[in-house]
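Report on one structure; see the data block that follows.
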Amino acid sequence: QDQLVESGGSTVQPGDSLRLSCAVPGHIFSTYNQGWFRQAPGNEREFVAAISWNGDQTYYGDSVKGRFTISRDNAKNTVFLQMNSLKPEDTAVYYCAADGVIGTMTLYGECEFWGHGTQVTVSS
């Protein structure tokens with residue numbers, strides 16, 4: 001199966017931290033770049049972060065730079081998104097994705113594989 005599965009979404013308070021996980025099928029994990037996107041109600045989907053297939057390069061959207069960190073666990077075929085100093089404007093459904101061309105992912109948000117999403121709500 002080619003399904004990416006996100007987990008870790010929750011309701012937290014401003015300033016809190018949260019870590020999202022994405023389980024990726026092995027044949028996708030080892031050869032595709034992975035990334036995270038988010039979409040809030042009424043908004044377009046937004047690029048959050050991406051990591052190259054070998055973990056050597058990472059990219060971040062301007063709104064999360066310095067607060068979010070993307071990483072990979074090769075032993076578990078899992079991609080993580082560590083989110084710190086969360087703000088109410090980070091509230092969205094977060095999607096994991098994978099694609100063979102990282103430029104396409106980061107610039108155009110076009111990905112071959114997608115997860116179903118996990119809800120993150122930041123509210124006091």
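Here, residue 1 is the first one in the sequence, and each next residue gets the next number.
- Aromatic rings from Trp114 and Phe37 are positioned such that their centres are separated by under 6.0 Å.
- Remark: the Glu89 side chain and the Thr91 side chain contain no N/O donor-acceptor pair separated by less than 3.5 Å.
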Working for side chain to side chain contact (heavy atoms under 4.5 Å, CB included), residues Val24 and Thr78: CA-CA 6 Å; Val24 184; Thr78 301; over 6 Å; no

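- Nearest heavy atoms, Cys111 versus Ala98: CB-O, 3.6 Å.
- Distance CD/Glu112 to OG1/Thr104: 11.0 Å, rounded to 0.5 Å.
- Under the 4.5 Å side-chain heavy-atom criterion for Ile, Leu, Val, Met, Phe, Trp and Tyr, Met83 and Val12 are members of the same hydrophobic cluster.
- Put simply, Tyr60 and Val122 are part of the same group of oily side chains (I, L, V, M, F, W, Y) that touch within less than 4.5 Å, one to the next.
- Checked by atom type and distance alone, the side chain of Thr31 pairs as donor or acceptor with a backbone atom of His27 at under 3.5 Å.
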Candidate pair Val101 and Asn33, rule side chain to side chain contact (heavy atoms under 4.5 Å, CB included), full reasoning: CA-CA 7 Å; Val101 182; Asn33 310 293; 5.5 Å; no

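- Side-chain atoms of Asn77 never come within 3.5 Å of backbone atoms of Pro25 as a donor-acceptor pair (strictly under, hydrogens ignored).
- Taking all atoms of both residues into account, the shortest heavy-atom contact from Thr106 to Ala50 is CG2-CB, 3.9 Å.
- No side-chain donor from either of Gln39 and Tyr95 sits under 3.5 Å from a side-chain acceptor of the other.
- The only option from Trp53, Phe80, Phe29 that meets the side chain to side chain contact (heavy atoms under 4.5 Å, CB included) definition with Gln34 turns out to be Phe29.
- Screening residues 4-24 for side-chain hydrogen bond (donor to acceptor under 3.5 Å, both in side chains), with sequence neighbours left out, gives Ser17-Asn84.
- By the criterion of side-chain heavy atoms lying less than 4.5 angstrom apart, applied directly or through intervening Ile, Leu, Val, Met, Phe, Trp or Tyr residues, Leu81 is not grouped with Tyr59; the two fall into different hydrophobic clusters.
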Derivation of the salt bridge (charged side-chain N to carboxylate O under 4.0 Å, His left out) call for Asp62 and Lys65: CA-CA 5 Å; Asp62 288 341; Lys65 281 181 182 176; 3.2 Å; yes

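- Minimum interatomic distance between Glu46 and Ser63 (heavy atoms only, all atoms of both residues): OE2-OG, 2.8 Å.
- Taken together through direct or relayed side-chain contacts under 4.5 Å among Ile, Leu, Val, Met, Phe, Trp and Tyr, Ile102 and Trp36 form parts of separate hydrophobic clusters.
- Hydrophobic clustering, with ILVMFWY side chains joined whenever heavy atoms are under 4.5 angstrom apart, keeps Met105 apart from Leu4.
- Taken from CD1 in Ile70 to SG in Cys22, the straight-line distance is 9.0 Å, to the nearest 0.5 Å.
- No donor-acceptor distance shorter than 3.5 angstrom exists from the side chain of Arg45 to the backbone of Arg38, with no hydrogens or angles considered.
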Criterion side chain to side chain contact (heavy atoms under 4.5 Å, CB included) on Leu18 and Val120, from CA distance to verdict: CA-CA 9 Å; Leu18 195 63; Val120 173; 4.0 Å; yes

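- Within the 3.5 Å criterion, the main-chain N or O of Thr121 finds no donor-acceptor partner in the side chain of Ser123.
- Using the six-membered ring where Trp is involved, Phe113 and Tyr32 have ring planes that are perpendicular, over 60° apart on the 30 and 60° scheme.
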